[in-house]
Asks: 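Please read through the structure below; I'll follow up with questions.
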There are 2 protein chains.
Amino acid sequence: MPKRVDHEERRGQIAEALVRVAGRRGLHAVGMRDVAAEAGVSLRLVQYYFETKEKLLLYGLQHLTDRFTARVGARLAAAGPAPGPRATAEALVLASLPTDEESRTFHLLYSSYAILSVTDEALAAQPFIDNPDAAEDALAGLIAGAQEAGLADPGADARTEAVSLLAMAATLGTSILVGQRGPESATAVLRHHLDRIFTAPEGTGTREV
Amino acid sequence: MPKRVDHEERRGQIAEALVRVAGRRGLHAVGMRDVAAEAGVSLRLVQYYFETKEKLLLYGLQHLTDRFTARVGARLAAAGPAPGPRATAEALVLASLPTDEESRTFHLLYSSYAILSVTDEALAAQPFIDNPDAAEDALAGLIAGAQEAGLADPGADARTEAVSLLAMAATLGTSILVGQRGPESATAVLRHHLDRIFTAPEGTGTREV
DNA sequence: TTCTTCGTGGTACGACCGTACCATGTTGGT
DNA sequence: ACCAACATGGTACGGTCGTACCACGAAGAA
């Protein structure tokens, strides 16, 4: 046999090529030949590792979410050894905003997949709705924990506020993507609601940015 | 000359055919032949009234937003002769949720256009970002007016709350579209925030439903 | 009435796309 | 050393898509 290549690694390289070219020209415009050229391999190779385009797209979606989940995890770890719930929640909510190239690509492609999944049943069958649910649970837990510790408005409904924050972050991200709004404006809105939910301990005053 | 047909009316019929078929199979999957078949005309006719596909899509987008703006206007008019600011704001915010076939199609296609516009400069040049801006202005004005009348929390920032409400409505709408959330859950979240912003006059108690 | 312009149909062309097929070098196992 | 499984390349095929071309009837203008 020839070089005995690591299939999973190859698939990853090709999937990242897909993500790059789709981030540039849009998911609807990417073909197998584009992915092959971007990855620097032949069209046949892409066929070899992903037999069909549908499988390539599905794998690409999985790869995208995995990579971004890891990135968010790194952001949270970098936020300090034992950050408060407010800081953690803020990092979580702001992480999805398209502020740099990688998050921009993620937001664009994730939205594309989501919209595609409405009319494409193969995409709809894919459980990439788990991810937002996980974020929602984490955020709700953060708020509830802060309430018990006296760090958040006890009258707020944790689940509702978590849903609201993530919903706002999603649309604000898209607004940035289409150039309707700047990142500063989006973060200001989100911080305003974080301030509303996470009340500082008495006497500490309101948190300034 | 032959029957001397009304071009604008014809274009409208074809545009509605585009909207229907795109709402069914997705905007990415619609071709000129599909539109022609849906409209019950020949492919040549579609070419005749819209020389290129790009022009057809642009016109379809315009038609879509026009029709929906009219629908929202009708909803507001049906809300009573002189509705309070809270009722008006609620109608405005809930109008965009995909609860029936027409609003579902609108939400799906508008989102598709928005995502497309990120990588397609012809779509990006189209000023279909005016519409959300107009809704934002209207909503902010409604809140500010309610504040002056003592019907809303005077400490709230009208513009920020308007942006927040519309942002939440957009993502919640998409959540409904992909089947992640039901319409009841989405409206409950939105009404919660409307309750937070629009405070009932003293002694009247909190508004139920 | 005749002519010219408009509306409409059918069809062909060139390009691209996803997929399938055929070929070939390469290397680990025996 | 030979063979079989594997990795890779090139290329062709069928289909579809947007667009262009050609033709013809129909009706207002002269």
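Residue numbering restarts at 1 for every chain, and letters A, B, ... go by the order of the sequence lines.
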Asks: Between D:dT8, D:dT19, C:dT8, spot the one nearest the side chain of B:Leu45, thanks.
Replies: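 Among the listed nucleotides, the one closest to the side chain of B:Leu45 is C:dT8.
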Asks: With under 30° as parallel and over 60° as perpendicular, where do the rings of A:His193 and B:His193 fit, or are they tilted in between?
Replies: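 If you compare the ring of A:His193 with that of B:His193, the planes turn out perpendicular.
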Asks: So, does B:Arg10 get its side chain near the phosphate of C:dT8, meaning an N or O under 4.0 Å from OP1 or OP2?
Replies: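 Indeed, a polar side-chain atom of B:Arg10 lies that close.
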Asks: Calculate, to the nearest 0.5 Å, the distance between atoms NE2 and CG belonging to B:His63 and B:Leu109 respectively.
Replies: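 The NE2 atom of B:His63 sits 11.5 Å away from the CG atom of B:Leu109.
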Asks: Shortest non-hydrogen contact from A:Leu97 to A:Ser103?
Replies: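 For A:Leu97 and A:Ser103, the tightest heavy-atom pair comes out as O-OG, 3.4 Å.
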Asks: How many Å lie between CG on B:Leu43 and P on C:dG9, as a whole number?
Replies: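 Roughly 11 Å, once rounded to whole Å.
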Asks: Between D:dT8 atom P and A:Asp6 atom CG, what is the distance in whole Å?
Replies: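 Distance check: A:Asp6 CG to D:dT8 P gives 11 Å.
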Asks: Assess whether a salt bridge exists between A:Arg71 and A:Asp66, defined as any Lys/Arg side-chain N lying under 4.0 Å from an Asp/Glu carboxylate O.
Replies: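 Salt bridge: no.
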Asks: Expressed as a whole number of angstroms, how long is the span from A:Glu9:CD to D:dA7:P?
Replies: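 Atom-to-atom, A:Glu9 to D:dA7, this comes out as 13 Å.
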Asks: Just the rounded figure in Å: distance from P of C:dC6 to CD of B:Gln47.
Replies: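 Answer to the nearest Å: 18 Å.
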Asks: For the pair A:Asp133 and B:Arg181, find out whether any cationic side-chain nitrogen is under 4.0 Å from an anionic carboxylate oxygen.
Replies: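 Salt bridge flag = no for B:Arg181 with A:Asp133.
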Asks: Consider only side-chain N and O atoms of B:Ser117 and B:Asp120, and report whether a donor and an acceptor are under 3.5 Å apart.
Replies: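 Side chains of B:Ser117 and B:Asp120: no pair found under 3.5 Å.
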Asks: Are any of A:Tyr48's side-chain N or O atoms less than 4.0 Å away from OP1 or OP2 of D:dA7?
Replies: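 So the side chain of A:Tyr48 is within the cut-off, an N or O lying under 4.0 Å from OP1 or OP2 of D:dA7.
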Asks: Side-chain N or O of B:His7 less than 4.0 angstrom from OP1 or OP2 on C:dG7?
Replies: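 For C:dG7, OP1/OP2 do have a side-chain N/O of B:His7 under 4.0 Å.
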Asks: Under 4.0 Å between a side-chain nitrogen and a carboxylate oxygen: does that hold for B:Asp153 and B:Arg196?
Replies: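 B:Arg196 and B:Asp153: not salt-bridged.
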Asks: Please confirm whether the shortest side-chain N or O distance from A:Ser42 to OP1 or OP2 of D:dG10 is below 4.0 Å.
Replies: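 For D:dG10, OP1/OP2 do not have a side-chain N/O of A:Ser42 under 4.0 Å.
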Asks: Do A:Leu27 and A:Leu108 have side-chain heavy atoms sitting under 4.5 Å apart?
Replies: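 No, every pair of side-chain atoms sits at 4.5 Å or beyond.
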Asks: Separation of B:Glu54 atom CD from D:dG18 atom P, in whole Å?
Replies: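 From B:Glu54 CD to D:dG18 P: 13 Å.
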Asks: If each of A:Arg44 and A:Gly31 is mapped to the nucleotide of DNA chain C with the nearest heavy atom, which maps nearer the 5' terminus, i.e. the 5' end?
Replies: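 First, find each residue's nearest nucleotide; the 5'-ward one identifies A:Gly31.
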Asks: In whole angstrom, give the distance that lies between atom CZ of B:Phe50 and atom P of D:dT19.
Replies: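 Going from B:Phe50 (CZ) to D:dT19 (P), I get 13 Å.
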Asks: Using a cut-off of strictly less than 4.0 Å between a heavy atom of the residue and any atom of DNA chain C, enumerate the qualifying residues of residues 11-30 of chain B by number.
Replies: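 Within this stretch, nothing sits under 4.0 Å of the strand.
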Asks: Got a donor-acceptor contact below 3.5 angstrom from the A:Ser96 side chain to the A:Leu92 backbone?
Replies: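 Looks like no, no N/O pair under 3.5 Å.
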Asks: Would you name the heavy atoms of A:Ala140 and A:Ala162 that are closest together and state the gap between them?
Replies: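 Heavy-atom minimum between the residues: N-CB, 3.6 Å.
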Asks: Taking atom P of C:dG18 as reference, at what distance in whole Å does atom CG of A:Leu56 sit?
Replies: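 It is 10 Å, rounded to the nearest whole Å.
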Asks: Strictly under 3.5 Å: I want the nitrogen or oxygen pairs between protein and nucleotides 13-15 of chain D, one per line.
Replies:
none

Asks: A:Lys53 has an atom NZ; how far is it from atom P of C:dT19, in whole Å?
Replies: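 The answer, rounded to whole Å, is 8 Å.
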Asks: Is the distance from OP1 or OP2 of D:dT19 to the nearest side-chain N or O of B:Thr52 less than 4.0 Å?
Replies: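 Checking D:dT19 against B:Thr52, a side-chain N or O does come within under 4.0 Å of OP1 or OP2.
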Asks: Across the strands shown, which category fits B:Tyr49 at heavy-atom distances under 4.0 angstrom: base, sugar-phosphate, nothing?
Replies: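 Counting heavy atoms under 4.0 Å across all strands, the contact made by B:Tyr49 is with sugar-phosphate only.
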